[in-house]
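The figures that follow rest on heavy atoms only: side chains count, while hydrogens, waters and symmetry mates do not. Everything numeric in this text was worked out from a predicted model, so none of it was measured. Positions are given from 1, in the same order as the sequence printed here.
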Amino acid sequence: SSTALCVPMFKRSPDITKAWGTKSEQLLRIDDHDFTMRPGFGGPAVSVGVDVQVESLDAISEVDMDFTMTLYLRHYWKDERLSFRSNNNLSMTFDSRLVKKIWVPDLFFVHSKKSFIHDTTTDNVMLRLYPDGKVLYSLRVTVTSMCSMDLSHFPLDTQTCSLEIESYAYTDDDMMLYWKKGNRSLNTDERISLSQFLIQEFHTATKLAFYSSTGWYNRLYINFTLRRHVFFFLLQTYFPATLMVMLSWVSFWIDRRAVPARVPLGITTVLTMSTIITGVNASMPRVSYIKAVDIYLWVSFVFVFLSVIEYAAVNYLSTLEERKEKALRERLSCTCGMAHPGMMSASYSEVNANTTGNYGMPEVNGLKQESMLVELRMENDQVTGHVGSNAYSNVWIDTHVIDKYSRVLFPGSYILFNIIYWSSYS
C-alpha cells in the first residue's frame, strides 16, 4: 500500500509593502484635512526654518553674468494636521508621492534663470514626519542664478554673488522664513573648487523684500565671495603683451639704415598686440566701462605703436641729414676748385660723407655724435707768405640721438607704468 504525504495548507498572508500608501494616509488622516491651506490658517504666521548644504559650484560665467550651484535645500516647520500616534516616538520617512498630497512651503529662487530637482534614479525628494507634527522636507536642486559682476578690476577682481530664497505666495503675515541655525545653517563641501576662482567665504543673511502690489516677504540670502586666480591670465595675456612690448624695443639697437629689418619688426608686434586684445575681448561681456586688463593691453599697444612712429621719425631726420651732407659736399668741392692747385691741398677725414651710420665717431658729453671733419690745409701760400696755416670746418650731424634716448625712455616709462598698475590693482 502506498502512503500519502499530507502537507498542511496555510493561508497566504497579504504583502503589506504593497499597501503602504493606504496605511500611511489612514494613519495621517490625509483625507480629513484641507491641505490647500497653510498650517494654522487665520492665526500667527507659520515659521519655516531653512538650512542648506552646498554640494558644488558648477560654473561661473562672466559673459552671461550668472553662476550654477547644486545644493540640498531643507525646510523645517510644524503642521499639527500631520501628527500621529507612535509608541516608540520614531519618525516616518516618505518620498515625493506623499509630498503632492500635503502642504509644503512654496519657496523659489529669486533672479534664477533656470532650476530643476534631480530625478535620478527617482525624484531626489525626502519627507520626514514626526509624531508631534514636525516636518522635515528636503530636496536636491541645481539652480542657475544671476550674479551682477563688476568687471572694472578684471582679472584682478573679487566678486560677491548671492542666491536668494523667498516664498512666492505667502507674505510675512502668513510665513516667517528664517535660517534655522543662523550662519551655521549653511554648510559647504570642503572639496568645492573652481578653476578660475578661490572661494573665500560663504555666509547667510536675512532681509525683507517689498513688492508694491503684494506686500512684504522674508528673503534669505546665501552670499559667497570669489577671488579670481590671476596666474592663468598672467600666462595667457600679461606675459605675451609684455614680451611684445620688449620685442619692439629691439629695433632701437638695429641700424637705422636696415629698413627691411626694423619695419617688419614693428608691424609684427603691432599686429600681435591687436590679436591679443581681440582674443581677450571675445571671451568677455560687452560692458560699457574699461576693465583693468584693457588698460594694460592698450597701454602696451601704445608703446608698440610708438616704437614704429619712433623709427619713422629717425628715418625722416636721417633723410634730411643726407640732403644737408650732399649740399655741404657740393659747396666744399666748389671752394676747393677756386683755389690754385699748387697752393692748396684738401684732405678729408676717414668718415665717408655718404654714410649715415655712427661707426667710429667721437663722443661729446657722453653721446656719440656723427661728424664729418673737413680740413683744408694751406701749404706755402705764395701770395700771403703764411706757411702751414690751417682752416678747419666741423659739421656735427645728430640724427641717431632719438634711438639712444628711446633705449632709455621706453623701458623706463614701461617699468614705471607696471609699478603704478600693479600697485593700484593688487
Has Arg38 got a side-chain atom pairing as donor or acceptor with Gly40's backbone, closer than 3.5 angstrom?
yes
When you compare the side chain of Glu80 with that of Pro39, does any pair of heavy atoms fall below 4.5 Å?
no
Given side chains that start at C-beta, do those of Leu220 and Thr204 come closer than 4.5 Å, heavy atoms only?
no
Should we say atom CZ of Arg227 is surrounded by more than 12 heavy atoms from elsewhere, each under 6.0 Å from it?
no
When the aromatic ring centroids of His118 and Phe116 are compared, is their separation below 6.0 Å?
yes
Take a 6.0 Å sphere around OH of Tyr316 and say whether it holds more than 12 heavy atoms from other residues, nucleotides or ligands.
no
side-chain hydrogen bond (donor to acceptor under 3.5 Å, both in side chains) partners of residues 280-293, not counting sequence neighbours, each pair once:
Lys291-Asp294
With side chains defined as the heavy atoms from C-beta onward, is the minimum distance between Met246 and Tyr414 less than 4.5 Å?
no
In this structure, which one of Val245, Leu243, Leu247 forms a side-chain contact (heavy atoms from CB on, under 4.5 Å) with Thr269?
Leu247
Minimum heavy-atom separation for Cys147 to Thr160, with atom names?
SG-O, 4.0 Å
What heavy-atom pair brings Pro285 and Glu62 nearest, and what distance separates the two atoms?
CG-O, 3.2 Å
Donor-acceptor pair, Arg128 side chain versus Ser91 backbone, under 3.5 Å?
no
Determine whether Leu265 and Ile254 make a side-chain contact, defined as any pair of heavy atoms from C-beta on separated by less than 4.5 Å.
yes
Establish, from distance only, whether the side-chain atoms of Ser112 and Ser145 form a donor-acceptor pair under 3.5 Å.
no
Could you state the interatomic distance from CE (Met69) to CD1 (Ile60), rounded to the nearest 0.5 Å?
7.5 Å
Report yes if some heavy atom in the side chain of Ser406 is under 4.5 Å from a heavy atom in the side chain of Trp249; otherwise report no.
no
Pairing donors with acceptors under 3.5 angstrom, does anything connect the side chains of Asn223 and Ser162?
yes
Between Arg262 and Glu310, does at least one N-O distance fall below 4.0 Å, as a salt bridge requires?
yes
Give me the atom names and distance for the closest heavy-atom approach of Tyr421 to Ala292.
OH-O, 2.8 Å
Got a sec: does the CD of Gln200 have more than 12 other heavy atoms crowding it under 6.0 Å?
yes
Side chain of Tyr130, backbone of Lys78: donor and acceptor closer than 3.5 Å?
no
Between Val308 and Ile267, which heavy-atom pair has the shortest distance, and what is it?
CG2-N, 4.5 Å
State the CE-SG distance between Met146 and Cys161, to the nearest 0.5 angstrom.
10.0 Å
Okay, side chain of Glu55, backbone of Asp189: is any donor-acceptor separation there less than 3.5 Å?
no
Rounded distance (nearest 0.5 Å) linking atom CG of Leu226 with atom CZ of Phe67
9.0 Å
Student check: side-chain heavy atoms of Leu328 and Arg331 closer than 4.5 Å
yes
More than 12 heavy atoms from other groups under 6.0 Å of CE on Met284:
yes
Atom pair CG (Leu129) and CG (Leu90), whose distance is rounded to the nearest 0.5 Å:
13.0 Å
Quick check: are there more than 12 heavy atoms from other residues, nucleotides or ligands sitting under 6.0 Å from CG of Leu198?
yes
Sub-4.5 Å side-chain heavy-atom contact between Val304 and Thr272:
no
Just jot down the ring pair (Phe, Tyr, Trp, His ring centres under 6.0 Å) partners of Tyr211, sequence neighbours excluded, or say none.
Tyr217
State, to 0.1 Å, how close Met37 and Arg81 come at their nearest heavy-atom pair, and which atoms those are.
O-NH2, 3.0 Å
In Å and rounded to the nearest 0.5 Å, what is the CE to CG distance from Met126 to Asp95?
11.5 Å
Smallest separation among heavy atoms of Thr36 and Tyr170, with atom names
O-OH, 4.4 Å
Main-chain N/O of Phe410 paired to Ser413 side chain as donor or acceptor, under 3.5 Å:
no
Flag, side chain of Asp106 to backbone of Val104, donor-acceptor distance under 3.5 Å
no
Kindly check if the number of other-residue, nucleotide or ligand heavy atoms within 6.0 Å of OH (Tyr168) is above 12?
no
Result of checking Phe233, Phe232, Phe231, Trp422 against Tyr238 for ring-ring contact (aromatic ring centres under 6.0 Å, His included)
Trp422
Just one of Leu177, Val48, Ile165 clears the side-chain contact (heavy atoms from CB on, under 4.5 Å) bar with Asn218, so which one?
Leu177
Pair Phe94-Val99, side chain to side chain contact (heavy atoms under 4.5 Å, CB included): steps then yes or no
CA-CA 8 Å; Phe94 304 93; Val99 172; over 6 Å; no
Exactly one of Trp77, Tyr137, Phe41 should register a ring-ring contact (aromatic ring centres under 6.0 Å, His included) with Trp103. Which one does?
Trp77
For Lys181, I'd like to know if atom NZ has over 12 heavy atoms of other residues, nucleotides or ligands within 6.0 Å.
no
To the nearest 0.5 Å, what is the distance between NZ (Lys114) and CG (Asp66)?
8.5 Å
Start with the C-alpha distance between Tyr425 and Ile295, add both sets of side-chain angles, then the distance that settles side chain to side chain contact (heavy atoms under 4.5 Å, CB included), and finish with yes or no.
CA-CA 11 Å; Tyr425 287 103; Ile295 296 175; 3.1 Å; yes
As a quick check of understanding, evaluate side chain to side chain contact (heavy atoms under 4.5 Å, CB included) for Phe109 and Leu73, giving each step before the final call.
CA-CA 11 Å; Phe109 298 101; Leu73 180 62; 4.1 Å; yes
In terms of relative ring orientation, are Trp216 and Phe210 parallel, tilted or perpendicular, with 30° and 60° separating the classes?
tilted
Between Asp79 and Phe35, is there a side-chain heavy-atom distance shorter than 4.5 Å?
yes
Determine, stepwise, if the pair Asp51 / Asn187 fulfils side chain to side chain contact (heavy atoms under 4.5 Å, CB included).
CA-CA 8 Å; Asp51 69 39; Asn187 300 304; 5.8 Å; no
Any sub-3.5 Å donor-acceptor pair from His229's side-chain atoms to Gln196's backbone N or O?
no
So which of Phe303, Phe417, Phe301 actually passes ring-ring contact (aromatic ring centres under 6.0 Å, His included) with Tyr296?
Phe417
Has the side chain of Ser185 got a donor or acceptor atom that lies under 3.5 Å from a matching backbone atom of Lys180?
yes
So does Tyr221 have more than 12 non-hydrogen atoms from other groups sitting under 6.0 Å from OH?
yes
